[in-house]
Student: 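Below you'll find the structure I mean.
Below, all heavy atoms of this structure are taken into account, side chains as well, without hydrogens, waters or symmetry copies. Residue numbering restarts at 1 for every chain, and letters A, B, ... go by the order of the sequence lines. Note that the structure is predicted; figures quoted are calculated from it, not measured.
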Protein chains: 2
Amino acid sequence: MAPTSETLTAERILAATEEVLRRHGPAKATVVDVARALGVSHGSVYRHFRTKAALREAVTKRWLDRTTGVLAAIVAAPGLDPETRVREWLAALFAAKRRKAFDDPELFATYSVLTTETAETVVGEHIADLTGQLTEIVRTGAEAGAFTVEDPATTAGALFRATDRFHDPHYAREWELPGVEGEFEALVDLLIRGLRARD
Amino acid sequence: MAPTSETLTAERILAATEEVLRRHGPAKATVVDVARALGVSHGSVYRHFRTKAALREAVTKRWLDRTTGVLAAIVAAPGLDPETRVREWLAALFAAKRRKAFDDPELFATYSVLTTETAETVVGEHIADLTGQLTEIVRTGAEAGAFTVEDPATTAGALFRATDRFHDPHYAREWELPGVEGEFEALVDLLIRGLRARD
DNA sequence: GGAATGACAGGTATTGAAATCTGTCAGCTG
DNA sequence: CAGCTGACAGATTTCAATACCTGTCATTCC
């Protein structure tokens with residue numbers, strides 16, 4: 001279709017894959033479609049990705065990693081007190097997921113399917129990344145004497161699981177309901193009170 | 001098949017429906033199957049339930065209500081301090097759901113599908129029942145001076161949502177993983193610390 | 001006469017043949 | 001000669017014909 005003369009890179013294939021997925025959905029998007037969108041034969045796609053599953057994993061990872069960067073900035077941001085850092089990180093995670101779901105519903109629905117396919121690998125690593133960031137926040141908060149926690153990783157895991165409803169795509173349709181903001185605030189308040197240092 | 005001479009009641013139809021659902025699964029269980037299992041014509045089933053959807057809702061409600069009773073006992077149990085009551089109620093909810101998933105996986109998978117069909121009605125009421133029970137526990141705890149909460153219903157909602165992972169069927173496959181007990185305890189500890197009265 | 005039946009119309013699932021897709025590879029091309 | 005192509009085998013998906021199911025109701029049965 002668009003027979004570009006640029007060299008065929010993994011990134012160009014992934015961008016085309018995402019576009020095909022957005023147009024056709026996860027069930028009907030084929031490797032042949034991706035190749036056609038790039039103006040190459042599907043054999044060329046297989047030079048860069050061993051299988052269709054590997055291509056789907058890569059495009060899913062690419063999508064998930066877009067979120068991770070924003071959040072990392074909050075982990076590293078200087079001058080935030082520990083409670084604010086936790087609150088802002090959780091709020092940013094919720095906001096990022098919700099923005100994705102709202103701005104491009106078709107693509108979000110598509111990736112919601114893809115993430116169930118790759119739950120064990122790509123999604124597992126994504127969750128490990130996120131809980132790792134949260135562990136760092138909890139650990140520094142504990143070191144600063146603001147939080148009382150036995151083990152930062154365990155507590156970070158509990159925080160992440162407690163807020164599942166506000167970042168797991170499974171609950172996406174509830175993110176637009178009136179009152180979610182308040183529900184989110186009430187939950188985060190409760191969790192932060194649980195983190196606070198005790199004498 | 002079993003041409004019982006007993007009169008045809010809604011309860012007998014629901015029991016037969018559950019059995020048919022267990023055997024055939026949610027996709028292939030038909031009203032004709034239910035009638036055949038009871039030794040009657042399918043027209044007779046329609047005398048008790050207006051539509052197949054109504055039959056499915058009723059059997060789902062029956063299944064969900066089996067859990068509610070056990071938990072109500074904990075709400076009403078005398079001599080429990082507020083923290084213990086919250087902890088035991090949440091633990092009993094988790095245990096009940098997990099037992100259902102473990103004891104009869106086929107039936108659990110079937111009801112997991114049915115609950116997505118009836119999310120707005122039957123499941124909504126079930127969740128309202130449960131958060132109502134939890135609100136009662138939080139309210140009495142606050143009145144006893146053990147908890148500091150602005151609004152018991154809001155806090156109960158936060159507690160319920162925070163523990164989604166341990167009662168939402170969506171996460172059922174994680175309930176058998178090693179370490180879930182510890183994850184559950186860590187989360188409940190954090191939540192209860194958040195509830196505690198502050199000076 | 002109140003409950004149950006079974007034929008029926010309209011709609012939804014099943015089935016199997018045909019079309020398409022995945023993944024490979026020998027050969028082409030720049 | 002590194003990258004790309006397109007024909008191919010086996011697996012999966014699509015599609016249309018058929019079978020079955022849902023919901024109704026005039027009729028039958030105790």
Student: Without decimals, in angstroms, what is the distance between B:Asp33 CG and D:dA19 P?
Tutor: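 Going from CG in B:Asp33 over to P in D:dA19 covers 19 Å.
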
Student: Measure the distance from CZ on A:Arg36 to C1' on C:dT22 and round it to the nearest whole Å.
Tutor: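 Between C1' of C:dT22 and CZ of A:Arg36: 14 Å.
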
Student: For a 4.5 angstrom cut-off between non-hydrogen side-chain atoms, does A:Arg23 reach A:Glu106?
Tutor: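 With C-beta onward as the side chain, the pair stays apart.
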
Student: Crowded around A:Arg66 CZ? As in, over 12 foreign heavy atoms under 6.0 Å?
Tutor: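 Yes, enclosed.
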
Student: Send over the distance from B:Tyr46 OH to D:dT24 P, rounded to a whole Å.
Tutor: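 Interatomic distance, OH of B:Tyr46 to P of D:dT24: 8 Å.
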
Student: Nearest 0.5 Å, please: how far is CG in B:Leu134 from OG1 in B:Thr155?
Tutor: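 Rounded to the nearest 0.5 Å, the OG1-CG separation comes to 9.5 Å.
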
Student: A cation-pi test, strictly: NZ or CZ of B:Arg98 under 6.0 Å from the centre of the six-membered ring of B:Phe94 and no more than 45 degrees from its axis. Yes or no?
Tutor: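 Output yes; distance and angle both within limits.
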
Student: Checking side-chain polar atoms at under 3.5 Å, does A:Trp89 have a donor or acceptor matched by the opposite partner on A:Gln133?
Tutor: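 Note: A:Trp89 and A:Gln133 side chains meet the donor-acceptor criterion.
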
Student: CD1 of B:Ile13 versus C1' of C:dA3: gap in Å, rounded?
Tutor: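 Going from CD1 in B:Ile13 over to C1' in C:dA3 covers 12 Å.
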
Student: Roughly how far, to the nearest 0.5 Å, is the CD atom of A:Glu57 from the CZ atom of A:Arg62?
Tutor: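 Here the rounded value is 15.5 Å.
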
Student: Using a 4.0 Å heavy-atom cut-off across all strands, classify A:Ser44 as base, sugar-phosphate, or nothing.
Tutor: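 A:Ser44: base contact, heavy atoms under 4.0 Å.
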
Student: For A:Ser41, which contact category applies under a 4.0 Å heavy-atom criterion: base, sugar-phosphate, or nothing?
Tutor: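 Here A:Ser41 touches the bases of the nucleic acid.
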
Student: Roughly, in whole Å, what's the span from CZ in A:Arg56 to P in C:dG23?
Tutor: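 Atom-to-atom, A:Arg56 to C:dG23, this comes out as 11 Å.
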
Student: Please compare A:His42 and A:Ala27 by the position of their nearest nucleotide in DNA chain D and report the one closer to 5'.
Tutor: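 Here A:His42 is the residue nearer the 5' end.
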
Student: Do A:Val32 and A:Val59 belong together in a cluster built from hydrophobic side chains that touch within less than 4.5 Å?
Tutor: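 Per the 4.5 Å side-chain linkage, A:Val32 and A:Val59 are not co-clustered.
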
Student: Please report the distance, rounded to the nearest Å, between CZ in B:Arg47 and P in D:dT22.
Tutor: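 B:Arg47 atom CZ is separated from D:dT22 atom P by 18 Å.
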
Student: Please compare A:Thr30 and B:Leu8 by the position of their nearest nucleotide in DNA chain C and report the one closer to 5'.
Tutor: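 Residue closer to the 5' terminus by nearest nucleotide: B:Leu8.
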
Student: To the nearest Å, how far apart are B:Arg50 CZ and D:dC25 P?
Tutor: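 Rounded to the whole Å, the gap is 14 Å.
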
Student: With each end axis built from five pairs of C1' atoms, what bend angle do you get for the helix from C:dG1-D:dC30 to C:dG30-D:dC1? Round to 10°.
Tutor: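 Helix axis angle between the two ends: 20°.
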
Student: Specify the separation, in whole Å, of atom NE2 of A:His48 and atom P of C:dG23.
Tutor: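 So the two atoms are 16 Å apart, to the nearest Å.
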
